[in-house]
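A short write-up of the structure that comes next.
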Amino acid sequence: MNSLVNPPETASPLSTIAQPMIDPFGRSVTYLRVSVTDRCDFRCTYCMAENMTFLPKKDLLTLEELDRLCSAFIEKGVRKLRLTGGEPLVRKNIMFLVRALGRHIEAGRLEELTLTTNGSQLARYADELYDAGVRRINVSVDTLNPAKFHQITRWGDLSKVMEGIDAAQRAGLKIKLNAVALKGFNDQEIPEMLRFAHGRGMDLTVIETMPMGEIDEDRTDQYLPLSQLRAQLEEQFTLTDNGYQTGGPARYVTVKETGGRLGFITPMTHNFCESCNRVRLTCTGTLYMCLGQNDAADLRTALRASDDDAYLSAAIDEAITRKPKGHDFIIDRNNRPAVARHMSVTGG
Ligand code: SAM
Ligand code: SF4
């Protein structure tokens, strides 16, 4: 049988619940985000240039290697794992990895297995994701207008994403919609998106655009501080801070008029690094200890050096000692990205 069809029957010999890794600033590292591919079937204008050069396929870790790496992190105290990309659901045979990681949920070693997706392939995968142990997903939708959706994603079809959302809800997956707030593009539409999301039992989170990677446009034209958006929304809605936590950087408010939750992710206007609990792994086995810094650790070499995970474990420990205090994003008229790699390399 093709070993990629099903994950191994037996779980790897992981010990019982591990103590979390602690970084030099005393923060526990319990959350791993894994970009399983840098490729995508969309070309969102704030995320990618239209003509992107992607990694040669030969440089990618295999799905078995990604499983081994993720399992090593779980062994070291990671409790939440998010698959992202690029678009995670365009990676060939991705369900092999999801099912393989699902065994840690079943065994109680992992609290949450989730993913961030553009929704284009969700209709096809929703049931399988649920069966593998996924319970919540983030779907990125920046507008509910089909023509604008095509404009911002360049290649996307909103009706496919909506079919995906329908299928995911039918399958029992809880959905959070993510929208990047873009000045003059969707700021006026956020009230409508809020009503749509809350009317369907979904949270909505808005995100400030971050200066990552060269794109074809000027980021200063796109950037909208969320403090401004919040003030705009407060003219129509009653927003009350509610302290809700999902383990991510979003700060949530309850919207009295809809009864739903709205999250704000503000990497630019409010730096949330003091509570950062995460590290990010790319599909080539490079570990970034911060989304907004260039320092990284090569775990692929450690992974391939030996079948014994001790070597890998030591490389992970060394990387965690280098987790920096925080990022220092700024968007200025030079229009130079703060980090050269695109968001699709380390994932959102
Ligand atoms: N393709 C999937 C998707 O779009 O959900 C997963 C990867 S995508 C890089 C993850 C999230 O990052 C998406 O919500 C996307 O809108 C957001 N994103 C991409 N580039 C960004 C940027 N420069 N600033 C802020 N958010 C960005
Ligand atoms: Fe693809 Fe997600 Fe980037 Fe859009 S935001 S181009 S869907 S990786």
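Owing to the predicted nature of the structure, the values given are computational and were not obtained by experimental measurement. In listed order, ligands and their atoms are each counted from 1. These values consider heavy atoms only, across backbone and side chains, with no hydrogens, waters or symmetry-generated copies.
Contact annotation: for T117 versus ligand 1, heavy atoms closer than 4.0 Å belong to the backbone alone. At a heavy-atom cutoff of 4.0 Å, ligand 2 is contacted by the side chain of C40 but not by its backbone. Within the 4.0 Å heavy-atom criterion, both parts of T209, backbone and side chain, lie near ligand 1. With a 4.0 Å cut-off on non-hydrogen atoms, T84 touches ligand 1 through its side chain and not its backbone. Heavy atoms from both the backbone and the side chain of Y46 come within less than 4.0 Å of ligand 1.
Evaluated by nearest non-hydrogen atom to atom 23 (N) of ligand 1, the leading choice among M48, Q222, M210 is M210. Distances from atom 14 (O) of ligand 1 to the heavy atoms of G86, S35, S140 put S140 nearest.
In this structure, K323 forms no cation-pi arrangement with F25, as its terminal cationic atom is not both closer than 6.0 Å to the ring centre and no more than 45° off the ring axis. For the pair R79 and Y31, the NZ or CZ position fails the cation-pi test of under 6.0 Å to the six-membered ring centre and within 45 degrees of the ring normal.
Ion pair R300/E65 not flagged as a salt bridge, since none of the NZ, NE, NH1 or NH2 atoms sits closer than 4.0 Å to an Asp/Glu carboxylate oxygen. Under the 4.0 Å criterion applied to side-chain N and carboxylate O atoms, E318 and R322 are assigned as salt-bridge partners. E128 and R99 are joined by a salt bridge, as a carboxylate oxygen and a charged side-chain nitrogen come within less than 4.0 angstrom of each other.
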